[in-house]
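Worksheet for the structure shown next.
Model, not experiment: these values are computed from the prediction. All chains are named by letter (A, B, ...) in the order of the sequence lines, taking the proteins before the strands, and each is independently numbered beginning at 1.
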Amino acid sequence: MTRDLSQAQLLRRGFYERSPEIVARALLGKILVHDRRGERLAGRITETEAYLGLGDAASHAFTGLSAFNAVLFGPAGYTDVFLIYGVHYCLNVSCLPDGEPGGVLFRAVDPLEGIATMARLRGLEENASAKSLTGGPGRLSEAFGITRAKHHGIDVTRTDSILRILDDGGRPKRVEVTARIGIRKAADQPLRFVVADKLATVRAR
DNA sequence: GTGAGGATCGTCT
DNA sequence: GACGATCCTCACA
């Protein structure tokens, strides 16, 4: 049941110029699009995490501005891609106006278009589950073919960007808020946002 | 079904 | 020189 994405609206910069926890929640149900070598890969966002910046020990921006985290301090609506554990890439988008650090980590999407390509990039069969395809920050980046070399610092609010986020009116019925995952510092803060029925399937495995 | 451990590299101290 | 916003594989029950 592929929706017609041609009617979907590109999210403008003002959408991202809010606090990360607001943006993280608002991004659920939106559509992440990657124009990759003439093919469109798309997925509906089902899980995000907010990283606040200077007051948040878990955030890369916590220790202050550096070349590594400069995107988080810059204008809202730019991608921040980084390598974790030397193995996986994670995709963020910057929040808050220029000069204020903050970002949202994309943790999972539901694949909509280009599923065969996603499966190939992940080294899986085409009938692989959504969870194994794009259910995790590293998996999501791999399925979309996202790397720091090609996708770091992209403006997702431009119609001619290869990475964009669209709103087709889809909204999650219910959103669960939990503690963030996979971090040690400030791990108790409720800054992870999950589409509720997704959480159920994750719990059930 | 569940848990432990290894891979691997950019960034910071 | 150490560590991390992760994922996969392999034991073991």
Side-chain angles (χ1 to χ4, degrees), chain A residues 16 19-25 27-28 32 43 45-74 76 78-96 100-111 118-125 128-154 156 163 165 176-195 198-205:
Chain A
Y16 304 98
S19 69
E21 57 266 54
I22 302 286
V23 177
R25 180 188 285 267
L27 278 172
L28 295 178
L32 178 66
I45 298 164
T46 59
E47 187 176 341
T48 59
E49 281 180 2
Y51 287 86
L52 306 183
L54 296 177
D56 181 2
S59 169
H60 289 156
F62 180 67
T63 53
L65 178 63
S66 72
F68 172 60
N69 61 25
V71 169
L72 295 177
F73 284 81
Y78 283 80
T79 58
D80 169 36
V81 180
F82 68 94
L83 186 66
I84 187 68
Y85 296 109
V87 185
H88 301 288
Y89 286 105
C90 295
L91 174 66
N92 295 258
V93 63
S94 60
C95 299
L96 297 170
E100 299 180 54
V104 172
L105 168 71
F106 295 91
R107 288 193 59 88
V109 305
D110 264 350
M118 293 183 194
R120 184 169 53 76
L121 288 170
R122 292 273 298 116
L124 300 171
E125 300 294 324
S129 69
K131 179 171 166 53
S132 63
L133 271 181
T134 53
R139 293 169 178 168
L140 164 60
S141 299
E142 189 170 62
F144 274 69
I146 289 171
T147 65
R148 184 172 174 94
K150 290 186 180 177
H151 303 93
H152 184 68
I154 290 178
V156 298
L163 275 175
I165 301 172
E176 293 273 354
V177 184
T178 77
R180 291 174 295 187
I181 289 179
I183 58 173
R184 297 190 182 191
K185 304 167 188 169
D188 53 342
Q189 299 208 48
L191 293 173
R192 171 172 173 253
F193 301 90
V194 191
V195 175
K198 273 295 152 195
L199 190 69
T201 59
V202 168
R203 277 178 178 158
R205 286 255 189 157

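Positionally, the nearest nucleotide of DNA chain C for A/K185 lies more toward the 5' end than for the other of A/K185 and A/G136. For A/L124 and A/V104, each mapped to the nucleotide of DNA chain C holding its nearest heavy atom, the one lying further toward the 5' end belongs to A/V104.
In this structure a side-chain-to-backbone donor-acceptor pair under 3.5 Å is present from A/T79 to A/H151. Listed for the A/E49 side chain is a donor-acceptor partner under 3.5 Å among the backbone atoms of A/I181. Judged purely by atom type and a 3.5 angstrom limit, A/S94 has no side-chain atom pairing as donor or acceptor with the backbone of A/G103.
As the counterpart of C/dA5, no nucleotide is assigned, since no Watson-Crick or G-U wobble pattern has both distances under 3.5 Å.
We find that CD of A/E49 is positioned 12 Å from C1' of C/dT6, with the value rounded to whole Å. In this structure, A/K131 atom NZ and C/dC7 atom C1' are separated by 10 Å, rounded to whole Å. A/L91 places its CG atom 13 Å from the P atom of C/dC7, with the value rounded to the nearest Å. Across the protein-nucleic acid pair, A/L133 atom CG and C/dC7 atom P stand 13 Å apart, rounded to whole Å. Rounding to whole angstrom units, CD1 of residue A/I183 and P of C/dG4 are separated by 11 Å. What separates CD of A/E142 from C1' of B/dT8 is a distance of 14 Å, to the nearest Å.
No donor-acceptor contact under 3.5 angstrom links the side chains of A/R139 and A/T134, judged on distance only.
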Nucleotides 9-13 of chain B: which of its N/O atoms have a protein N/O under 3.5 Å away?
residue: B/dC12; atom: OP1; partner: A/S66; partner atom: OG; Å: 2.5

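Look at A/R184 and you won't find any side-chain N or O under 4.0 angstrom from OP1 or OP2 of C/dT6. Taking side-chain N and O atoms only, A/R139 has a distance below 4.0 Å to OP1 or OP2 of C/dC8. A sub-4.0 Å separation between OP1 or OP2 of C/dT6 and a side-chain N or O of A/R107 is present.
When each of A/I165, A/L27, A/V93 is paired with A/L32, the side-chain contact (heavy atoms from CB on, under 4.5 Å) condition holds for A/I165 and for no other.
In this structure, A/R122 fails the cation-pi test against A/F144, since its NZ or CZ atom is not both closer than 6.0 Å to the six-membered ring centre and inside 45 degrees of the ring normal.
Under the 30°/60° scheme for interplanar angles, the aromatic rings of A/F68 and A/F82 are found to stand perpendicular.
Listed by residue number, A/A58, A/H60 are the residues of residues 53-60 of chain A with a heavy-atom contact under 4.0 Å to DNA chain C.
The distance from the CD atom of A/E21 to the CG atom of A/D56 is 9.5 Å, given to the nearest 0.5 Å.
Shown here for A/A70 and A/L65, the closest heavy-atom pair between the two residues is CA-CD1, 3.7 Å.
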